[in-house]
Amino acid sequence: MPEELSFFDQVYEVVRCIPKGKVTNYGAIARYLGTGKSSRMVGWAMNASHISGLKVPAHRVVNRLGILSGKAHFGDPQAMQRLLEKEGLKIENDRIKNFEAHFWDPSKELELP
DNA sequence: CGATTGACGTACG
DNA sequence: TCGTACGCCAATC
């Protein structure tokens, strides 16, 4: 067991820690992992997890604008919006309303070791 | 093996 | 204030 999890694994762990009804963006996760501006890797990890079959609440991860940028990758774009609405979020025009209110920053909510 | 792309974000004009 | 350009790292073509 390597003490340092792979970048992908770390992303999965953070995303899995997202409370229900909360959402976050790629940049926040990237910053929490220390990658900083490599927010693209987070998105890549999401795609990989989706392909790997791992269960990751990727629907809770959106871009910094609160737009469901990854809805197209869920198989059914409506599924992502539906999941978020099911958690009490308000989606309009593929965008999360009150995104700031439901924003969950791992680097703030989650304590660094 | 080199070039391109990608579920993004920030900087600069 | 809005639009464009660049950087990040890895995987794929």
Side-chain angles (χ1 to χ4, degrees):
Chain A
M1 281 292 283
E3 54 261 355
E4 291 186 11
L5 295 169
S6 302
F7 185 86
F8 284 42
D9 293 331
Q10 295 192 57
V11 175
Y12 304 151
E13 187 133 355
V14 173
V15 175
R16 259 192 232 163
C17 285
I18 300 175
K20 180 185 174 187
K22 295 281 184 173
V23 290
T24 188
N25 57 32
Y26 303 94
I29 297 173
R31 190 169 7 163
Y32 172 74
L33 297 178
T35 49
K37 300 166 185 175
S38 305
S39 36
R40 293 186 177 194
M41 301 300 94
V42 180
W44 225 105
M46 292 281 103
N47 193 359
S49 75
H50 151 65
I51 294 170
S52 295
L54 292 172
K55 293 178 181 175
V56 180
H59 60 272
R60 293 180 187 155
V61 184
V62 296
N63 64 1
R64 76 177 194 84
L65 300 175
I67 300 173
L68 284 60
S69 23
K71 65 170 187 160
H73 293 262
F74 271 72
D76 288 335
Q78 301 299 333
M80 186 174 185
Q81 177 174 338
R82 182 131 182 196
L83 287 166
L84 291 171
E85 287 183 333
K86 189 177 180 183
E87 298 194 353
L89 292 170
K90 309 281 177 66
I91 314 297
E92 181 164 312
N93 213 351
D94 296 338
R95 190 183 353 147
I96 299 176
K97 299 195 70 160
N98 286 342
F99 175 61
E100 301 177 2
H102 297 290
F103 181 68
W104 182 81
D105 191 343
S107 63
K108 290 181 180 175
E109 303 298 326
L110 225 58
E111 286 188 27
L112 291 165

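Chain letters run A, B, ... following the sequence lines, proteins first, then strands; residues in each count from 1.
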Between [N] atom [atom2] and [X] atom [atom1], what is the distance in whole Å?
X	N	atom1	atom2	result
A:H73	B:dA7	NE2	C1'	5 Å
A:I51	C:dA10	CD1	P	17 Å
A:M80	B:dA7	CE	C1'	8 Å
A:M41	C:dC8	CE	C1'	6 Å
A:M46	B:dG6	CE	C1'	14 Å
A:Q81	B:dA7	CD	P	19 Å
A:I18	B:dA7	CD1	C1'	13 Å
A:R64	C:dC8	CZ	P	19 Å

Identify which nucleotide among C:dC9, B:dG9, C:dA11 has an atom closest to any side-chain atom of A:W44, counting heavy atoms from C-beta outward. C:dA11

Measure from the side chain of A:A58, starting at C-beta and using heavy atoms only, and say which of B:dA7, C:dA10, B:dG9 lies closest.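 For the A:A58 side chain, the nearest candidate turns out to be B:dA7.
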
Please classify the nucleic acid contact of [X] as base, sugar-phosphate, or nothing, using heavy-atom distances under 4.0 Å.
X	answer
A:A72	nothing
A:N63	sugar-phosphate
A:F74	base

Do you know the tightest heavy-atom contact between [X] and [Y]?
X	Y	answer
A:V56	A:Y12	CG2-CD2, 4.0 Å
A:M46	A:Y26	CG-CE2, 4.3 Å
A:V62	A:F99	CG2-CE1, 3.5 Å
A:F7	A:L33	CE1-CD1, 3.8 Å

If only side-chain N and O atoms count, and only distance matters, is there a donor-acceptor pair under 3.5 Å linking A:E87 with A:H59? yes

C1' atom, C:dT4 versus B:dA7: distance in rounded Å? 22 Å

Identify the pairs formed between an N or O of the protein and an N or O of nucleotides 5-7 of chain C at a distance under 3.5 Å, and give each distance.
{"from": "C:dG7", "atom 1": "O6", "to": "A:R40", "atom 2": "NH2", "distance (Å)": "2.2"}
{"from": "C:dG7", "atom 1": "N1", "to": "A:R40", "atom 2": "NH2", "distance (Å)": "3.2"}

Would a hydrophobic clustering, with Ile, Leu, Val, Met, Phe, Trp and Tyr connected at side-chain separations under 4.5 Å, put A:W104 with A:Y32?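 In one cluster with A:W104: A:Y32, yes.
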
In Å, rounded to the nearest 0.5 Å, how long is the span from CD1 of A:I18 to CD1 of A:I29?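 The distance works out to 5.0 Å.
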
